[in-house]
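Basis for what follows: all heavy atoms, side chains included, without hydrogens, waters or symmetry-related copies.
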Amino acid sequence: MIKIGDVCPLFFNPIKDKFGIEIDYIQKFYVSDNIHLQIFAGASDDVAVRLLNLITGVFLDVSLYTYNQNSDTIMYYASLTDLPDGEYRVMVADFISEPFCVSSSLDLVERTSLIRYTHKDNNSPFDNIFWIDNKQVVFEWRVESGFKPSGYTPKLENEQYRNQMQEIVNLYSIPYDSYSLIVGDSNGVPYWYARHLNRILCLSSFKIEDIGYVRSESSVPEMSQVMEDSQLFHVSVILEPQENDIAGVGGIPETGSSSSVVGFVINNPKDGEMLQYSENEDAFVNVDYVGV
């Protein structure tokens, strides 16, 4: 039994429509991107990974490290980075990856976004290891993607009530934002990009250009065909920033506001003293007589 990890950034033997328009798309990586592969196999399986240069036709054996997942399963892993500019495929047993190119052109960086993803521990829904010897593994996936102004939606979580004069009083109000991530340029991307995006958004850390995002509630990637009979699509999914940049500057709430908290200031209490509200202290204080 040999299996490629579920969220590795290369795609092996995907389903295609042999009667549809041929897929004219190649996956792209910048030369410094880290293409992390994980292969799971039984203890008796022989695992070898070869890198095929599609331009020169030369095969290169990829050095593998091992991690014993359990007594029956071994994970083999490797990181492909700083490859010469060119087009490649990765071959693992009967699995052959879709072609991908590696480029040192800065134009590629401007036309794509780098998505980095990982998980808080090894207890994820997927066959992948995110912590090896107390070191976190971060996967990198480069794709034509970005946010458009038309995809922004303002959101709000609040609580209100009406007083006897039917005036609305705000008890609690926090704004937040959501954005539609668009994947694919005018030529589109294959369907398996939507599948991969849906998977990696299940992980605890998903960053686009080092900014963390999470899927908005139960949002899933939506696909629209570039043209009839095409096997390329535009993919969109609603995301929210992982951290809301709305933050107060501190200080004391306004007196009498719904967010004010009335406290107690008790100094050297004596037998028989009572509590009375003091406007100067903005709190109940102990007194030996009640003033009006």
Any [X] side-chain heavy atom under 4.5 Å of [Y] side chain:
X: I35; Y: F100; value: yes
X: F29; Y: L10; value: yes
X: F130; Y: S204; value: no
X: I200; Y: W141; value: yes
X: S173; Y: Q160; value: no
X: P241; Y: Y176; value: no
X: F40; Y: M75; value: yes
X: L83; Y: L51; value: yes

Item to check | Pairwise distance CD1(I4) to CZ(F95) - rounded to 0.5 angstrom | outcome: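 Those atoms lie 5.5 Å apart.
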Item to check | Worked verdict on I2 versus V47 for side chain to side chain contact (heavy atoms under 4.5 Å, CB included) | outcome: CA-CA 8 Å; I2 295 178; V47 176; 4.2 Å; yes
Considering residues at least two apart in sequence or located in another chain, which fulfil the side chain to side chain donor-acceptor pair (under 3.5 Å) criterion with [X]?
X: H36; result: Q38, S79
X: Y25; result: E144, Y193
X: Y67; result: none

Next on the checklist: Check whether E209 reaches the backbone of L114 with its side chain - one donor and one acceptor, N or O, closer than 3.5 Å.
Outcome noted: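 Answer holds: yes.
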Checklist entry - How is the hydrophobic cluster of L54 composed, in terms of its other members, when Ile, Leu, Val, Met, Phe, Trp and Tyr link through side-chain heavy atoms under 4.5 Å apart, directly or indirectly? => result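 For the cluster that includes L54, the remaining residues are L52, F59, M91, I96.
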Checklist entry - F139 vs Y117 aromatic rings, parallel, tilted or perpendicular, using cut-offs 30° and 60°? => result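 Parallel.
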Checklist entry - What salt bridge (charged side-chain N to carboxylate O under 4.0 Å, His left out) pairs are there with at least one residue in residues 1-16, not counting sequence neighbours? => result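 Residue pairs with at least one partner in residues 1-16: K3-D6, K3-D127, D6-R199, K16-E98.
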Next on the checklist: Strictly by salt bridge (charged side-chain N to carboxylate O under 4.0 Å, His left out), give each pair with a member in residues 148-157 just once, sequence neighbours left out.
Outcome noted: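 Sorted result for residues 148-157: empty, none.
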Next on the checklist: Could you check whether atom CD of E222 has more than 12 heavy atoms from other residues, nucleotides or ligands sitting under 6.0 Å from it?
Outcome noted: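 No, the 6.0 Å shell around CD holds no more than 12 heavy atoms from other groups.
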